[in-house]
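Please find one structure pasted underneath; my questions will follow.
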Amino acid sequence: MCDVRNRTAVGEMMRESHERDGLEIVVANAGVIQVAPVETIGSKEFTDAVDTMFYGTLHTSLEALPYLRGSRGRLALIGSVSGLLGAPACCPIRVPKPRSVLSPRGCTQRRPPQA
C-alpha cells in the first residue's frame with residue numbers, strides 16, 4: 001500500500017511487488033470524497049481529489065505498465081459513477097473522476113515503427 005499521489009512511492013511499491021511475487025494484475029481504484037456544499041469547500045479539497053483520483057491513476061498506470069507488459073498482465077482502472085452523475089454535495093469528486101477513465105487500450109498500445 002502507498003500514497004498514489006506520490007509517483008516515486010508507487011514506483012517503489014511496483015518494483016517491490018514485482019521482485020517479491022511478480023505482477024499479473026494491477027487495479028487502480030484510489031479515491032477521496034468530500035461531501036459538503038461547494039461554497040464551503042476550498043481549493044485544497046479539489047487539489048486532493050485531482051491528485052488522488054487523476055494523478056493516482058496515472059502514476060499507477062505508468063509505473064505498472066513496464067512490469068505488466070513483461071508478464072502479459074492486466075491493468076484495471078476503476079472510476080466512479082459519482083463523477084458522472086454529479087451529486088450536488090460531491091463537487092470535488094466530479095472534477096477528476098471522468099478524467100480518470102484513462103483508456104487502458106490506449107495506455108498499452110505502442111507507437112508504430114518509424115519508416
Side-chain angles (χ1 to χ4, degrees):
M1 201 157 89
C2 72
D3 183 349
V4 296
R5 297 172 297 176
N6 180 330
R7 183 170 176 182
T8 301
V10 174
E12 289 173 8
M13 184 189 67
M14 293 296 170
R15 181 186 51 75
E16 290 169 5
S17 297
H18 171 73
E19 289 173 357
R20 185 182 58 244
D21 302 313
L23 286 177
E24 293 182 21
I25 186 164
V26 172
V27 179
N29 186 36
V32 295
I33 187 168
Q34 301 87 8
V35 179
V38 70
E39 60 272 7
T40 66
I41 297 174
S43 63
K44 181 187 180 318
E45 287 80 11
F46 283 89
T47 300
D48 287 344
V50 171
D51 287 352
T52 302
M53 293 180 280
F54 176 76
Y55 285 108
T57 300
L58 180 64
H59 297 160
T60 300
S61 301
L62 293 174
E63 295 297 330
L65 282 172
Y67 299 112
L68 294 173
R69 281 193 179 114
S71 68
R72 298 185 51 90
R74 298 289 181 252
L75 174 64
L77 306 177
I78 299 175
S80 169
V81 71
S82 296
L84 300 174
L85 296 178
C90 298
C91 195
I93 198 173
R94 292 171 36 202
V95 174
K97 271 301 184 177
R99 286 146 193 86
S100 73
V101 186
L102 301 172
S103 167
R105 186 169 301 182
C107 288
T108 59
Q109 291 178 343
R110 298 181 185 241
R111 192 176 346 164
Q114 299 295 322

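This one's a predicted model, so the numbers in the text were calculated from it and none came from an experiment. Just so you know, these numbers use all the heavy atoms, side chains as well, and skip hydrogens, waters and symmetry mates.
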How many angstroms lie between atom CG of L58 and atom CG of D51, to the nearest 0.5 angstrom?
11.5 Å
Atom of L65, atom of L75 and distance for their closest heavy-atom approach:
CD2-CD2, 4.2 Å
Please check: side-chain N/O of S71 versus main-chain N/O of L23, any donor-acceptor pairing under 3.5 Å?
yes
Flag side-chain contact, heavy atom, 4.5 Å: R5 against D48
yes
So for atom OH, which belongs to Y55, do other residues, nucleotides or ligands contribute more than 12 heavy atoms lying within a distance under 6.0 Å?
no
Measure the spacing between CD of E45 and OG1 of T40 and express it to the nearest 0.5 Å.
8.0 Å
Do T60 and M14 have side-chain heavy atoms sitting under 4.5 Å apart?
yes
Between D3 and A9, the two heavy atoms sitting closest are O-CB, 4.1 Å
So the salt bridge (Lys or Arg N to Asp or Glu O under 4.0 Å) pairs with at least one residue in residues 8-18 (sequence neighbours excluded) are R15-E19
